[in-house]
Amino acid sequence: MCSSDLDDAELVSSNMNYFLDEYNSMGKKPMQLVLFENAIEHVSRIARIIAQPYGNALLMGVGGSGRKSLTTLAVSICDYKMIQIEISKSYGNVEFHDDIKRIFELCGVQDEPTVFLFDDTQIVYESFLEDINLVLNTGEVPNLYANDELMAIYEGISKSAQLAGVNTGNFSEMYAYFVGRCRQNLHVVLTMSPIGDAFRRRLRMFPALVNCCTI
């Protein structure tokens, strides 16, 4: 390795540790990470993926390998908002759809770049992955909203839609505009273990996990 490569590596390491210190000083849950070379490379890759439009990632590795922590740091570097769901004994499809609505509110109405971090240990029902597969593919979950909820969304995006030249009196155009903003701002990061048959079966059943993600 030449001296310029060493200088670049030291600069990247220094910057990464600066971002980690900044996160720890601002966040409620400081992370005590040792940013060795491979960890720095992974953070850089994740940050590069989510910084792209429609950038989604599938992180494969066993539990405890740092997938969530490195994603958290990458999201902080990009200055995005990160959302994770909280599983409880009563958590089901209704609660999952409510969380998706909350994410779409951030992305589509508030126009805020957001990372949805989802772990395979949070798959209470396989239908969760079916919804995520749809979000990755089309940016929406069919029949997610009631009419009154859609009206509230259209009201929330009416000003920006007008500026974008959208016909605010046409609900089809308004919905397409909302979905487009969701797709532009939402980045899904999936953390899954490759061990066992469940992983292979899920990739076969939900092809967007591969086709629409950087692995």
Taking atom [atom1] of [X] and atom [atom2] of [Y], what is their separation to the nearest 0.5 Å?
| X | Y | atom1 | atom2 | answer |
| --- | --- | --- | --- | --- |
| R183 | F104 | CZ | CZ | 10.5 Å |
| C213 | I215 | SG | CD1 | 7.5 Å |
| I153 | S158 | CD1 | OG | 12.5 Å |
| F118 | Q84 | CZ | CD | 11.0 Å |
| L35 | L73 | CG | CG | 6.5 Å |
| I49 | L58 | CD1 | CG | 9.5 Å |

Shared hydrophobic cluster for [X] and [Y] (ILVMFWY, side-chain gaps under 4.5 Å):
| X | Y | answer |
| --- | --- | --- |
| Y125 | L134 | no |
| M192 | M82 | no |
| L106 | V75 | no |
| Y54 | V210 | no |
| I195 | L209 | no |

Problem - Minimum heavy-atom distance between D120 and S193, given as atom pair plus value - result: OD2-N, 2.8 Å

Practice task
Return the minimal non-hydrogen interatomic distance between T168 and A161, and the atom names on each side.
Solution key: CG2-CB, 4.2 Å

Would you please name every residue forming a side-chain hydrogen bond (donor to acceptor under 3.5 Å, both in side chains) with [X], sequence neighbours left out?
| X | value |
| --- | --- |
| E126 | R202 |
| T121 | D119 |
| D111 | N185 |

Exercise for the section: Step through the shown structure and confirm whether more than 12 heavy atoms of other residues, nucleotides or ligands are within 6.0 Å of CG on D148. Expected result: yes

Problem - Residue E86 excluded, over 12 heavy atoms near CD under 6.0 Å - result: no

Handout entry: Residue pair M16, S44: steps toward the side-chain contact (heavy atoms from CB on, under 4.5 Å) verdict
Key = CA-CA 9 Å; M16 202 68 72; S44 301; 3.5 Å; yes

Check whether any side-chain heavy atom of [X] sits under 4.5 Å from a side-chain heavy atom of [Y], and report yes or no.
| X | Y | result |
| --- | --- | --- |
| K101 | E149 | yes |
| V189 | N56 | no |
| T72 | Y23 | yes |
| C182 | I103 | no |

Listed partners of [X] passing salt bridge (charged side-chain N to carboxylate O under 4.0 Å, His left out), at least two apart:
| X | value |
| --- | --- |
| E155 | none |
| K81 | none |
| R45 | E41 |
| D197 | R200 |

Donor-acceptor check, side chain of [X] to backbone of [Y], threshold 3.5 angstrom: yes or no?
| X | Y | result |
| --- | --- | --- |
| N137 | A208 | no |
| S14 | E10 | no |
| D79 | I77 | no |
| S172 | N170 | no |
| N17 | S13 | yes |
| N24 | Q32 | no |
| S69 | G66 | no |
| Q122 | I85 | yes |
| T71 | R67 | yes |

Completion exercise
Quick note, side chain to side chain donor-acceptor pair (under 3.5 Å) partners involving residues 204-215, not counting sequence neighbours, are none

Practice task
Apply side-chain contact (heavy atoms from CB on, under 4.5 Å) to the pair T114 and I83, showing each step before the final yes or no.
Solution key: CA-CA 7 Å; T114 303; I83 298 291; 3.8 Å; yes

What pairs of donor and acceptor atoms, side-chain ones from residues 173-180 against any protein atom, are under 3.5 angstrom apart with sequence neighbours left out?
residue	atom	partner	partner atom	Å
E173	OE1	N167	N	3.1
Y175	OH	E140	OE1	2.5
Y177	OH	S160	O	3.4
Y177	OH	S160	OG	3.3
Y177	OH	R181	NH1	3.4

Practice task
Might you work through the side-chain contact (heavy atoms from CB on, under 4.5 Å) test for V115 and L186, ending with a clear yes or no?
Solution key: CA-CA 6 Å; V115 171; L186 178 59; over 6 Å; no

Problem - Verdict with supporting geometry, L190 and L59, side-chain contact (heavy atoms from CB on, under 4.5 Å) - result: CA-CA 6 Å; L190 305 169; L59 309 183; over 6 Å; no

Please tabulate, for the side chains in residues 93-100, all donor-acceptor contacts under 3.5 angstrom to protein atoms that are two or more places apart in sequence or on a different chain.
residue	atom	partner	partner atom	Å
N93	OD1	S127	OG	2.6
E95	OE1	G92	N	2.8
H97	NE2	D131	OD2	2.9
D99	OD1	R102	NH2	3.1
D99	OD2	Y91	OH	2.6

Handout entry: Test of ring centre spacing under 6.0 Å for Y80 and H187
Key = yes

Practice task
Can you sort out the partners of F206 under ring pair (Phe, Tyr, Trp, His ring centres under 6.0 Å), two or more places apart, ordered by chain and number?
Solution key: none

Problem - Residues forming a ring pair (Phe, Tyr, Trp, His ring centres under 6.0 Å) with Y18, sequence neighbours excluded - result: none

